[in-house]
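Report on one structure; see the data block that follows.
Counting convention: from 1, in listed order, for ligands and their atoms alike. Position 1 is the first residue of the sequence; numbering continues from there. Since the structure is predicted, the reported quantities are computational estimates derived from the model, not experimental observations. The analysis underlying the following values was restricted to heavy atoms, covering all of them including side chains, and did not include hydrogens, waters or symmetry mates.
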Amino acid sequence: MNSRDTSVDKEGNSVTSSVQALILVGGKGTRLRPLTLSAPKPMLPTAGTPFLTHLLSRIREAGITDVVLGTSYQAHVFSDHYGDGSDLGLNLTYVTESEPLGTGGGIRNVYDELTADTVLVFNGDVLGGTDIRDVLSTHERSGAEVTLHLVRVGDPRAFGCVPTDADGRVTAFLEKTQDPPTNQINAGTYVFDRKVIGEIPAGRPVSVEREVFPSLLAQGRHIQAHVDDAYWRDMGTPEDFVRGSADLVRGIAPSPALAKPCGESLSLDGADVASDAVLIGGTVVGRGARVGSGARLDGAVIFDGASVEAGAVVERSIVGFGATVGAHALVRDTVIGDGAQVGARCELLRGARVWPGVQIPESGIRFSTDV
Ligand code: GDD
Ligand code: MG
């Protein structure tokens, strides 16, 4: 990227025309089932907006307007919601894989749409606070063909582990290894010189993590690391989704899509919350959702139209669209599918998942014997 490629648009925002962005959003989101049966993972609501809007807003904030969505699973949901992207100040296009091509195949599949020499690729399920321009600067400064954004985590085993040398050059890429040599992991943002994308095999599934990066390294090609300590979370599991949503509400995770952090809770338009209900821990109550008298919600994500009845307790859990949690029920570390009805005095704990539309009668599931 050169500074001469940066101009200013009608609203006075800077625009970088030499960089295009691609967001991979074709995954099935299996770890977030059953919520991802009705919507793709990046379209699940967080702090009042589909999760992907936070990432799109960050891309726009970095001055990049040309964005391609690499879709597969439930592709129409993205285009129905975002259209041409103009509401967000973006020029959005869609490239759909009829069969999922994997992360590398998904990148190769948009090659014909790419006109810029530099392509920023994002995993579509990451909530991050990294300065995207800094990642681009690292790429430009080092002269690498590919640059990977890395973060440090406590347990790298669920991620791509990426050791580097003293100059910040990537020395290996070890996807989901049980024996990680470092706690530096792939944060899911890459800068590619466009010509490298053209080298990825076309027309078959390819993993960028297991095939493309290891093969480039085996050829001695230059992959640079950009390591930082900015906010970062992969939203792919219920625990992370609940944490990420709460972090957005509390302003711990930055997002240009939110006018301001909301504090301990956020009640969206048309939510009906009893005055003596307790909403803490970054709880979100969706549009038209109801929370009854004396209910206690701590780190809860209540989707639109759902209902939590009097005296119920919901902790670190997601309650799907139009679902009901009955009076005095206890719901902790649980995912409740769209339209499900959890009867009064039920107890759902420790990773329970209720499938959409399921009806559990009063006291139908408990973890204690004092009914
Ligand atoms: N277009 C398309 N096609 N997109 C896909 C496909 C596909 O076949 N498969 C997955 N994706 C998208 C997902 O929608 C998601 O946005 C992204 O690619 C990454 O897929 P995940 O399934 O979320 O991968 P992960 O979380 O297990 O691991 C990846 O992300 C980690 C960081 O969050 C890897 O890139 C790891 O190396 C990395 O550490
Ligand atoms: Mg992921």
Enclosure of Arg290 CZ (heavy-atom neighbours >12, cutoff 6.0 Å)
no
Checking a contact table here: which protein heavy atom is nearest atom 32 (C) of ligand 1, and how many Å away?
Asn186 O, 3.5 Å
Heavy-atom closest contact (Asp229 atom, Arg152 atom, distance):
OD1-NH1, 3.0 Å
Write out the residue and atom name of the closest protein heavy atom to atom 29 (C) of ligand 1, then the distance separating them to 0.1 Å.
Asn123 ND2, 3.6 Å
Any nitrogen or oxygen of Pro100 lying under 3.5 Å from a nitrogen or oxygen in ligand 1? Just yes or no.
no
Take atom CZ of Arg58 as the centre, draw a 6.0 Å sphere, and report whether it contains more than 12 heavy atoms from other residues, nucleotides or ligands.
yes
Per-atom filter on ligand 1: closer than 4.0 angstrom to a heavy atom of Gly124 are 16 (O)
To check your reading of the model: name the closest protein heavy atom to atom 34 (C) of ligand 1, its residue, and the distance in Å.
Glu209 OE2, 3.2 Å
Side chain to side chain contact (heavy atoms under 4.5 Å, CB included), paired with Leu120, selected from Val67, Ile59, Val191
Val191
Please write down residue, atom name and distance for the protein heavy atom closest to atom 13 (C) of ligand 1.
Gly27 N, 3.6 Å
For atom 1 (N) of ligand 1, the closest protein heavy atom turns out to be Glu97 OE2, 2.7 Å
What is the closest protein heavy atom to atom 7 (C) of ligand 1, and at what distance does it sit?
Gly102 N, 3.5 Å
With the Mg ion (ligand 2) as the point of reference, which N/O/S atom of Asp125 is the closest?
OD2
Suppose I only count heavy atoms of Lys41 and a 4.0 Å limit; which atoms of ligand 1 are within that range?
23 (O)
Nearest protein heavy atom with distance in Å, relative to atom 27 (O) of ligand 1:
Lys176 NZ, 2.7 Å
Under the 4.0 Å line, does any protein heavy atom show up next to atom 20 (O) of ligand 1?
no
Does an N or O anywhere in Leu24 fall below 3.5 Å from an N or O of ligand 1?
yes
Tell me, please: is Ser72 in heavy-atom contact with ligand 1, that is, under 4.0 Å?
no
Subset of ligand 1 atoms that lie under 4.0 Å from at least one heavy atom of Leu101
8 (O)
For the CD atom on Gln219, are there more than 12 heavy atoms of other groups (residues, nucleotides or ligands in this structure) within a distance under 6.0 Å?
yes
Would you say Thr334's side chain and Arg332's backbone share a donor-acceptor pair under 3.5 angstrom?
yes
With a 3.5 Å distance limit and no angle check, can you tell me whether Asp269 reaches the backbone of Arg287 through a side-chain donor-acceptor pair?
no
Nitrogen or oxygen atoms of Gly106 and ligand 1 under 3.5 Å apart:
no
Hey, which of Asp84, Thr65, Asp66 is the one that makes side chain to side chain donor-acceptor pair (under 3.5 Å) with Asn91?
Asp66
To check your reading of the model: name the closest protein heavy atom to atom 23 (O) of ligand 1, its residue, and the distance in Å.
Asp125 OD2, 2.7 Å
contact_flag Lys28 ligand 1 heavy-atom lt 4.0 Å:
no
Is Arg194 atom CZ crowded by more than 12 heavy atoms from other residues, nucleotides or ligands, each under 6.0 Å away?
yes
Ligand 1 to Gly160 polar contact by distance, N or O atoms, under 3.5 Å
yes
For Leu279, is there any backbone N or O sitting under 3.5 Å from a side-chain donor or acceptor partner on Thr283?
no
For Thr103, the atoms of ligand 1 under 4.0 Å from one of its heavy atoms are 18 (O)
Determine, using heavy atoms of Arg31 and all atoms of ligand 1, whether some pair is separated by less than 4.0 Å.
yes
Salt bridge check: are Asp131 and Arg133 linked by an N-O gap of less than 4.0 Å?
no
For the Mg ion (ligand 2): the N/O/S atom of Asp234 at shortest distance:
OD2
Looking at ligand 1, is there an atom of it that comes within less than 4.0 Å of some heavy atom belonging to Tyr190?
yes
